[in-house]
Amino acid sequence: MEKNNRDAAFLQVGNKLLDWYKKNARDLPFRQTKDPYKIWICEIVFQQTRINQGLNHYNNFIKRFPDVQTLAAAEEDEVLLYWKGLGYYSRAINIHKAARQIMNEYQGTFPSEYDEILKLKGVGKYTAAAVSSICFGGRMPAVDGNFYRVLSRVFADDFDISNSRAFVYFSELANLVMPENVGDFNQAMMDLGSEICKPKNPLCGVCPLNKDCLAFSLNKISEFPVKTKKVKTENLDLTYYFVHRNGQFLIQQRKDDFIWKKLFEFLPAISAELEPFIKSSKTISHKLTHKNVNIEIYDVEVDSETVWNDFTAQNEYLITDLEGFHHKSFPKPLENYVQNSLKD
DNA sequence: AACCCGGGGAA
DNA sequence: TTCCCAGGGTT
């Protein structure tokens, strides 16, 4: 009997959240559909990415690749082009692999079971739960950073969210408050976490859960969530040679085992015959989340047609111009360098 | 279980 | 500056 009262109190929290969501849901393009393809794409785009940052990328991506057939038929490089500037480029590579996976293993029909969705490349427990609940009535909580923050505050729970067991732990807390409509519940949690229960300066005065929030009643909101793991940054030094002549320049494609997977870059080294054509150099500093990148770029303008033809014939570097450049995906600092450099 | 992978906005 | 965002993959 005591357990039933407790369950009822928890369920009330979930229903309050749903009531708030009905009136305050954000008007987002992917809220108008239950097409699993579009929901899947939006879940991937907005991983570790704020809505305002990814919205144009999402809309452009859906316009170019409106369905899984179109995406699967495209080249990987074009998918990367539409991901340009978004970061975490393995998402683009995996999204393309998963599209072909759906064509080959599921006959082009998006899988509807959580366990099957989970098998898609780049789809983890969060994304599988989100797509499953929003599109197919699945009943798994889509536990993300918003769940960690909201639930740790509501329960004044100091479980360390940087602990690798946090996902399981907060999934169990989520199950306590989860109502019937799991799809809306998951999206409501995201909107509450984004608009009300923000990391800093949360709007507890207008929060639909403030009567149920233990951290708020204890005036300890700022103590939750607990996160012990610190972000450490390292230095990364890169050298590039921007070898060009008459508006053309040489590039190559990066591997998929380090940063900027499969994006294009300038030459990391040159042979002795090109050294006389080095005109200048400049250093660019670029901050990543876990790295401070210092890039030394040498401007190599090859004045000799003979040397240019000789060099390009002997090497397998790609030749491009400004037009071709706009159709390839470059790391942000190199993108900026080209746009400032070739204006002359 | 620990570590790696981008870029941008808020405070 | 620091934090963190609709996380997932690799080792």
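By convention in this document, chain letters (A, B, ...) are assigned in the order of the sequence lines, proteins followed by strands, and residues within each chain are numbered from 1.
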> For A:Phe266 and A:Leu250, what are the C-alpha separation, side-chain angles and deciding distance, and is it a side-chain contact (heavy atoms from CB on, under 4.5 Å)?
Replying inline: CA-CA 6 Å; A:Phe266 310 146; A:Leu250 303 181; over 6 Å; no
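Heavy atoms of A:Gly193 sit nowhere under 4.0 angstrom from any nucleic acid atom. Backbone-only engagement by A:Asn146 is indicated by non-hydrogen atom pairs under 4.0 Å involving sugar-phosphate atoms exclusively. A:Leu86 comes within 4.0 angstrom of a nucleotide base, judged by non-hydrogen atoms across all strands. Across all strands, A:His286 comes closer than 4.0 Å only to sugar-phosphate atoms, never to a base (heavy-atom distances).
Residue A:Lys291 has no polar side-chain atom (N or O) positioned under 4.0 Å from OP1 or OP2 of B:dG6. Contact annotation: A:Thr49 does not reach the phosphate of B:dG6 (side-chain N/O to OP1 or OP2, under 4.0 Å). Residue A:Trp260 has a polar side-chain atom (N or O) positioned under 4.0 Å from OP1 or OP2 of B:dG7. Put simply, A:Arg149 has a side-chain N or O that comes within less than 4.0 Å of OP1 or OP2 on C:dC5. Between A:Gln48 and the phosphate of C:dG7, there is a side-chain N or O to OP1/OP2 separation shorter than 4.0 Å. Under 4.0 angstrom from either OP1 or OP2 of C:dG8 there lies at least one side-chain N or O belonging to A:Gln47. OP1 or OP2 of B:dG7 has at least one side-chain nitrogen or oxygen of A:Tyr89 nearer than 4.0 Å. Proximity of A:Lys287 to the phosphate of B:dG7: no side-chain N or O atom is located under 4.0 Å from OP1 or OP2.
Minimum atom distance to the side chain of A:Phe258 is reached by B:dC5, of the listed C:dC4, B:dC5, C:dT2. Each of C:dC4, B:dC5, B:dG6 was ranked by its minimum atom distance to the side chain of A:Arg50; first place goes to C:dC4. Comparing atom distances between the A:Met190 side chain and each of C:dA6, B:dG8, B:dG6 picks out C:dA6 as nearest. Distance from the side chain of A:Ile259 is smallest to B:dC5 among B:dA1, B:dC5, C:dA6. Of the candidates C:dT2, B:dA1, B:dG7, the closest approach to any side-chain atom of A:Gln53 belongs to B:dG7.
Proximity of a side-chain donor or acceptor of A:Gln253 to a complementary backbone N or O of A:Lys262 within less than 3.5 Å is detected.
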Which pairs of donor and acceptor atoms, one on a side chain in residues 204-220 of chain A, lie under 3.5 Å apart (sequence neighbours left out)?
| residue | atom | partner | partner atom | Å |
| --- | --- | --- | --- | --- |
| A:Asn210 | ND2 | A:Cys204 | O | 3.0 |
| A:Asn210 | ND2 | A:Cys207 | O | 3.3 |
| A:Asp212 | OD1 | A:Lys16 | NZ | 3.4 |
| A:Asp212 | OD2 | A:Lys16 | NZ | 2.8 |
| A:Ser217 | OG | A:Leu214 | O | 2.9 |

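For the residue pair A:Asn163 and A:Asp160, no side-chain donor N or O sits within less than 3.5 Å of a side-chain acceptor on the partner. Judged purely by distance below 3.5 Å, without hydrogens or angles, the side chains of A:Thr33 and A:Asp35 never pair a donor atom with an acceptor atom.
In terms of position on DNA chain B, the residue among A:Arg165 and A:Gly87 whose nearest nucleotide sits closer to the 5' end is A:Arg165. Projected onto DNA chain B by closest heavy-atom contact, A:Lys200 and A:Phe330 fall at different nucleotides, the more 5' of which corresponds to A:Phe330.
When the P atom is used for both B:dC3 and C:dA6, the distance is 25 Å, rounded to whole Å. Spacing of P atoms, C:dG9 relative to B:dG8, comes out at 24 Å, to the nearest Å.
In this structure, the side chains of A:Leu17 and A:Met189 come closer than 4.5 Å at one or more pairs of heavy atoms.
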Contacts under 3.5 Å, N or O only, protein and nucleotides 9-11 of chain C:
| residue | atom | partner | partner atom | Å |
| --- | --- | --- | --- | --- |
| C:dG9 | OP1 | A:Gly122 | N | 2.7 |

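If you check residues 18-30 of chain A against DNA chain C, the residues with a heavy atom closer than 4.0 Å are A:Arg26, A:Leu28, A:Phe30, listed by number.
Ion pairing between a basic and an acidic side chain is recognised when a charged N comes within 4.0 Å of a carboxylate O; A:Arg254 and A:Glu265 show such pairing.
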